[in-house]
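Only one structure is covered here, and it is reproduced in the block below.
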Amino acid sequence: MTNLDCDVAIIGAGTAGLAAERRARADGATTLLVDDKFAGTTCATVGCMPSKLLIAAAHAAHTARSAAVFGVKVAEPEIDGTAVMARVRKERDVFAASTIETIEEIPADVRIRGRAHFINATTLMLDDGRQIKAKAIVIATGSHPNIPSMFAALGDRVLTNETIFDLPDLPRAVAVIGAGPLGLELAQALVRLGVDTQVFDQGKHLAGLHDDAVAAELHAILERELPIRLGVELDAKRVGDSVQLTWTGASNGQATFDYALVAVGRPPSVEGLRLDKTGLVLDRHGVPEFDSNTMRCGPSSIFMAGDADGDRAILHEASSEGAIAGRNAAAYPNVEEGKRSVPFSVMFTDPPLAVVGKPAAPDSVIGRASYADQGRAKIEARNAGLVRLYASHPDGKLTGAAMVGPGMEHIGHLITWAISRGETATSLLTLPFYHPTFEEGLKSALRAICAQVHAPLPRDSDEGSALGG
Ligand SMILES: Cc1cc2nc3c(=O)[nH]c(=O)nc-3n(C[C@H](O)[C@H](O)[C@H](O)COP(=O)(O)OP(=O)(O)OC[C@H]3O[C@@H](n4cnc5c(N)ncnc54)[C@H](O)[C@@H]3O)c2cc1C
């Protein structure tokens, strides 16, 4: 058995690992990319893409059902569950095939199939017994669904994001456990596709939101379509081919479902890596402490990237962290800080939620805009939502936002870009807002910030806000 050596070894061929390998090789390093499956990224196979495909089907059903308000009469849509799931899988497989093609463009001798663990800080052991000696190592092993033992005991009646998209048909009833973004996106999609769905969470925080006012608005909007039971203790039992769920606490009840969809977090996949052999300082979850600007773990030649580091578990961050880690691993020991972007996440519910930048601090100035009466939102009969923009005092510079409402996945980008460019409420108000758009709704929040910091409103812009323009 021949042992291997290289400049940079990367564990995990997901979005982060692929980015790290690509960057390290482009920078002239010899690389080895280890993955146990090479089956495509989490995003393409069981994450972003299949979940958005299911949401797209749900959107079609919802649009048909909502047409009557415009005087367009459509019969109650008939949902063909097997056709819905077949399209999800067909298109998902196209995305997965495309990531596999990218993987196959990597030279064959760089791709090593197998599971890796550390023997020491610069040596990996593969499950076939070979060893890899590397000057630097990138850990990009992703994350996996957490399934508490009570739910694991339900056997094939428990679903996660790794199994739900393979169901041949839509179920009759699903209990979604976990009111985070993943659970809420899938719960709303299922209920719109005619699945009797309820959401349960032992915590009281919807979608992990730090902004209570936006959380309350989101809760009120989503609860028009499905029950969301926060602050409940659950007891789950398998009864025949069903799941019997009993809940107590903030509310009490019992109901029977076909499945429990468990979406209670995705911890970093680091448990089999034998990180104890590396001498790294580990946190209480067993994840190495690392510098989020260089991605380097302490003073070592080991770097983290993607969901494996337990920070900002979203795709564009996995990709950016991979590029930083790959560059620094190739340049080791000449490690430089990478440019991290303003934190930005979107939950693809309807309406979507966007969270940008830093949470509000006690001395933040907050500008608020309701979408209950916003012009374009009323035109579209989608008039619900709340935007809260945070700014610093006394300059009115934007620092963060929590926003639920129509178009927020797009408006979230604008606010993220504005924060990245150091814009203030006044400077944004000097820019054009087309009429009638969802973006116009931001004006009242920006003006409220100007008023609180006593910043001037742009001299040549009118302050009127008539709904009809
Ligand atoms: C349902 C769902 C929906 C999502 N939706 C969105 C969204 O809309 N937008 C968004 O930005 N993000 C979304 N995300 C998050 C996004 O998918 C992840 O942040 C991203 O895919 C993480 O990429 P990664 O490279 O860290 O991990 P992965 O793509 O999981 O790659 C890790 C790889 O490491 C391999 N591996 C693990 N351990 C070992 C080992 N010991 N040896 C060898 N190989 C190993 C694994 O097999 C895997 O191939 C979603 C996630 C889920 C689950």
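Each ligand, and each atom within it, is numbered from 1 in the order the structure gives. Only this structure's heavy atoms are used, side chains among them; waters, hydrogens and symmetry mates stay out.
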One finds that the ligand 1 atoms under 4.0 Å from a non-hydrogen atom of Ala16 are 25 (O)
Run the numbers for me: atoms of ligand 1, each under 4.0 Å from some heavy atom of Lys37, listed by number. 47 (O)
Considering both backbone and side-chain atoms of Lys52, is one of its nitrogen or oxygen atoms within less than 3.5 Å of a nitrogen or oxygen in ligand 1? yes
Qualifying salt bridge (Lys or Arg N to Asp or Glu O under 4.0 Å) pairs with a residue from residues 27-39, counting only residues at least two apart or across chains: Asp36-Arg115
Which of the numbered atoms in ligand 1 are below 4.0 angstrom from a heavy atom of Leu273? 41 (N)
Does a donor on one side chain sit under 3.5 Å from an acceptor on the other, for Gln131 and Thr123? no
Do any N/O atoms on Ala305 end up under 3.5 angstrom from N/O atoms on ligand 1? no
Looking at atom 49 (O) of ligand 1, what's its closest protein heavy atom, distance included? Asp35 OD2, 2.6 Å
Ligand 1 atoms nearer than 4.0 angstrom to some heavy atom of Phe348 are 8 (O)
With heavy-atom distances below 4.0 Å as the criterion, list the atoms of ligand 1 near Gly114. 42 (N), 43 (C)
Heavy-atom closest contact (Leu124 atom, Ala9 atom, distance): CD1-CB, 4.0 Å
Looking only at non-hydrogen atoms, the one of Leu186, Val270, Val46 nearest atom 1 (C) of ligand 1 is Val46
Tell me the salt bridge (Lys or Arg N to Asp or Glu O under 4.0 Å) pairs involving residues 170-192, sequence neighbours left out? Lys52-Glu185, Arg172-Asp258, Arg192-Glu225, Arg192-Asp350
No-hydrogen, no-angle side-chain donor-acceptor test under 3.5 Å, Thr82 and Asp169: no
Tell me which part of Ala140 gets within contact of ligand 1: side chain, backbone, both or neither, using heavy atoms under 4.0 Å. backbone
Decide whether an N or O pair under 3.5 Å exists between Asp36 and ligand 1. yes
